[in-house]
S.K.: 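Mind looking over this structure? Questions follow.
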Amino acid sequence: MITFPFHELEFWYQQFKRDLPWRKFQDAYHVWVSEIMLQQTQVNNVIPYYQRFLKKFPTIKALAQAEEEDVLPLWSGLGYYTRARNLLKTARIVTEKFKGNLPSTFEELLKLPGIGPYTAGAILSIAYHLPYPVLDGNVKRVFSRFFLEKSNQKLEEIAKHLIDQSYQLKNDPSSFNQSLMELGALVCNPQNPTCLSCPLQKGCGAFKKNLQSFYPQLTKKNQTQYRFFALLMAVKKIDGSIKFLVRKRSKNEQWLKELWEFPMIQLKKDLKVRNKQALLEEFFKIFSQQTKCKIKECAYMGNFFHSITHHRLKIHVVKSSLDGSLQGFGPTQWVANKDLKKIASSSILKKALAL
DNA sequence: TTCCCGAGGA
DNA sequence: TCCTCGGGAA
Ligand code: SF4
C-alpha cells in the first residue's frame with residue numbers, strides 16, 4: 001500500500017483542469033489522435049492542428065480512406081512526420097481488422113504503428129476507463145519528485161501500483177491519469193514547480209528536502225551539431241500570379257523525408273554576410289554549379305536557425321528569379337503563395353517566407 | 001542558448 | 001540499450 005493523496009489530486013483537477021479540445025469527446029479515436037499529436041509536442045502547438053485534423057477527418061473511417069498527400073499537409077510544421085504516416089497506417093488497419101474500433105487490450109494496441117506503451121496506456125485509461133498506467137514525461141516528473149525516486153524501473157512499478165489502488169478506491173482511471181499529467185504540466189513543471197499551490201505538497205519528498213531540481217534524473221544530451229545551408233526562394237510570374245519553386249525531398253534523406261521545401265544546398269562552411277555582394281556571387285556560384293540553371297535579380301533576405309533534434313541548421317536565404325529548370329533536386333513544382341499551406345512541408349518553409 | 005518530449009530501429 | 005526524429009518556449 002502506497003500513501004498518496006488521491007482525493008486532493010482529484011479535487012485539484014476538477015477545479016483547475018484546462019478546457020482542451022480533446023477533452024470534449026473522449027472516445028478512442030479522439031484520444032488516439034490527440035495523444036499521437038501530443039507526443040514530443042507542447043499542448044499549445046497541438047490545439048490548432050488537432051482542430052483542423054478532426055474537421056477534415058471526423059472519424060477513423062474518414063481517415064482510413066485518405067491518402068498520405070491528404071494527411072501530411074495537416075501535419076506541416078508539427079514535426080516528427082512519421083507520426084502522421086503511422087496514424088494513417090493504423091487507421092487503415094483498425095478499419096479493416098477491427099471494424100473501425102481501436103482495440104481495448106494493451107497487447108493489440110502495441111502492435112499498431114505509432115502506438116507505444118504510453119499511448120496504449122492513455123487510450124486504455126482515458127477512452128476505455130481501464131486501470132492502465134501512463135508514464136509520460138509529466139507523470140514521471142511528478143512521481144520522481146514526490147517519491148524521491150530516479151530509477152525508471154521503480155517509477156514504472158509505482159505507476160502500476162498507484163493506478164490499481166486508485167481503481168480500488170473507485171476512481172476513474174481516466175481522470176486519475178489526466179490529473180497526474182495536468183499537474184505535471186501546470187504545477188510540477190520542469191524548471192519552476194509551484195509547490196506552494198500543489199495538492200501533493202504535504203507528502204512530497206522533493207518539496208520537503210528542497211530537491212525539486214534534482215528530480216527526475218536528467219538524461220545526457222548529445223552535443224549540438226551545426227550545419228549550414230543556402231536556400232533558394234525562386235519566384236516566377238505565371239499567368240499573372242507569383243509562384244514559388246519547391247522540390248520534394250527524397251525518402252533517402254536523413255530527415256523531413258518526402259516533404260516539400262525550397263531548394264537548399266548544404267555548405268562546407270558558413271557564409272559571411274558582411275559583404276552582401278560577395279555573398280550573392282558565392283550563392284550564384286553554388287547554385288549554378290549544381291543546378292545548371294541561371295538565377296538572376298538576386299536579393300539576400302537574411303538567415304535563420306532551425307533545430308532538428310540535436311542538429312542546428314543555419315539557413316541563408318536568397319530570393320531570385322530563375323531561368324530554366326532545376327536539375328538534380330527530384331520532383332519540383334511552382335506553387336502560388338496561398339497554396340503553399342496545402343503541401344506537406346516543415347516549418348523551414350514558413351520561416352523562409354517570413355523573412 | 002538549453003530544455004523538454006515517445007516510438008521505432010539498429 | 002543506444003540513437004534518431006522537429007519544434008517551440010523559456
Ligand atoms: S510539491 Fe512541488 S515537487 Fe512536489 S509534486 Fe508538488 S509541485 Fe512537484
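In the text below, chain A, chain B and the rest are named by the order of the sequence lines, each starting its count at 1. Hydrogens, waters and symmetry mates are skipped; everything else that's a heavy atom, side chains included, is used.
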S.K.: Can A:Lys257 be said to sit on top of A:Tyr81's aromatic six-ring, NZ or CZ under 6.0 Å from centre and within 45° of the ring axis?
M.R.: no
S.K.: Classify A:Arg141 by what it touches in the nucleic acid, base, sugar-phosphate, or nothing, heavy-atom distance under 4.0 Å.
M.R.: sugar-phosphate
S.K.: Contact class for A:Thr309 vs. all strands (heavy atom < 4.0 Å): base, sugar-phosphate, or nothing?
M.R.: base
S.K.: Which listed nucleotide (C:dC5, B:dG6, C:dG7) is nearest to the side chain of A:Trp255?
M.R.: C:dC5
S.K.: Looking at A:Arg247 and A:Glu253, is there a salt bridge between them, counting it only when a charged N and a carboxylate O are closer than 4.0 Å?
M.R.: yes
S.K.: May I ask you to say what A:Leu218 touches in the nucleic acid, namely base, sugar-phosphate or nothing, with a heavy-atom cut-off under 4.0 Å?
M.R.: nothing
S.K.: Looking for any heavy atom pair under 4.0 Å, which part of the strands does A:Asn192 touch: base, sugar-phosphate only, or nothing?
M.R.: nothing
S.K.: Give one of base, sugar-phosphate or nothing for A:Tyr226, where a contact means two heavy atoms less than 4.0 Å apart.
M.R.: sugar-phosphate
S.K.: Calculate the interatomic distance between A:Gln40 atom CD and C:dA9 atom C1'; express it in whole Å.
M.R.: 15 Å
S.K.: Rounded to the nearest Å, what distance is computed from the CD atom of residue A:Gln39 to the C1' atom of nucleotide C:dG8?
M.R.: 17 Å
S.K.: Nearest whole angstrom, please: distance from the P of B:dT1 to the NE2 of A:His306.
M.R.: 16 Å
S.K.: Is the distance from OP1 or OP2 of B:dA7 to the nearest side-chain N or O of A:Thr82 less than 4.0 Å?
M.R.: no
S.K.: Decide if the gap between the ring center of A:Phe53 and the ring center of A:Tyr49 is smaller than 6.0 angstrom.
M.R.: no
S.K.: Could you please name the option among B:dC5, C:dT4, B:dG8 that lies closest to any side-chain atom of A:Asn86?
M.R.: B:dG8
S.K.: Please check if any side-chain donor atom of A:Glu35 sits under 3.5 Å from a side-chain acceptor atom of A:Gln39, or the reverse.
M.R.: no
S.K.: Rounded to whole Å, please give me the gap between CG in A:Leu87 and P in B:dG8.
M.R.: 12 Å
S.K.: Verify salt bridge (charged side-chain N to carboxylate O under 4.0 Å, His left out) between A:Arg92 and A:Glu67, making sure each step is shown before the conclusion.
M.R.: CA-CA 10 Å; A:Arg92 288 176 175 167; A:Glu67 298 297 327; 3.7 Å; yes
S.K.: Given atom CD1 of A:Ile308 and atom C1' of B:dC3, what is their separation to the nearest angstrom?
M.R.: 18 Å
S.K.: A:His310 or A:Tyr49: which one's nearest nucleotide on DNA chain C is closer to the 5' end?
M.R.: A:His310
S.K.: To the nearest Å, give me how far apart CG (A:Asn44) and C1' (C:dA9) are.
M.R.: 10 Å
S.K.: Please confirm whether the ring centroid of A:Tyr50 lies under 6.0 Å from the ring centroid of A:Trp22.
M.R.: yes
S.K.: Compare the minimum distances between each of C:dG7, C:dC5, B:dG6 and the side chain of A:Ser346, then state the nucleotide with the smallest one.
M.R.: C:dG7
S.K.: Mind running a 4.0 Å heavy-atom check of residues 111-126 of chain A against DNA chain C and sending the residues that fall below it, in number order?
M.R.: none
S.K.: Would you say A:Arg312's side chain and A:Ser307's backbone share a donor-acceptor pair under 3.5 angstrom?
M.R.: no
S.K.: Please determine whether a side-chain nitrogen or oxygen atom of A:Arg83 lies at a distance below 4.0 Å from atom OP1 or OP2 of C:dG6.
M.R.: no
S.K.: For the pair made of CZ in A:Arg85 and C1' in C:dC5, what is the distance, rounded to whole Å?
M.R.: 12 Å
S.K.: Taking the side chain of A:His311 as heavy atoms from C-beta outward, which of C:dG6, B:dG6, C:dC5 is closest to it?
M.R.: C:dC5
S.K.: Whole angstroms only, please: what is the CG-C1' distance between A:Asn138 and B:dG6?
M.R.: 12 Å
S.K.: Which comes earlier along DNA chain B counting from the 5' end, the contact point of A:Leu135 or that of A:Gln191, where each point is its nearest nucleotide?
M.R.: A:Gln191
S.K.: Are A:Glu108 and A:Lys111 ion-paired here, with the side-chain N under 4.0 Å from a carboxylate O?
M.R.: yes
S.K.: Which nucleotide in the set C:dG8, B:dC5, C:dG7 lies at the smallest distance from any side-chain heavy atom of A:Asn45?
M.R.: C:dG8
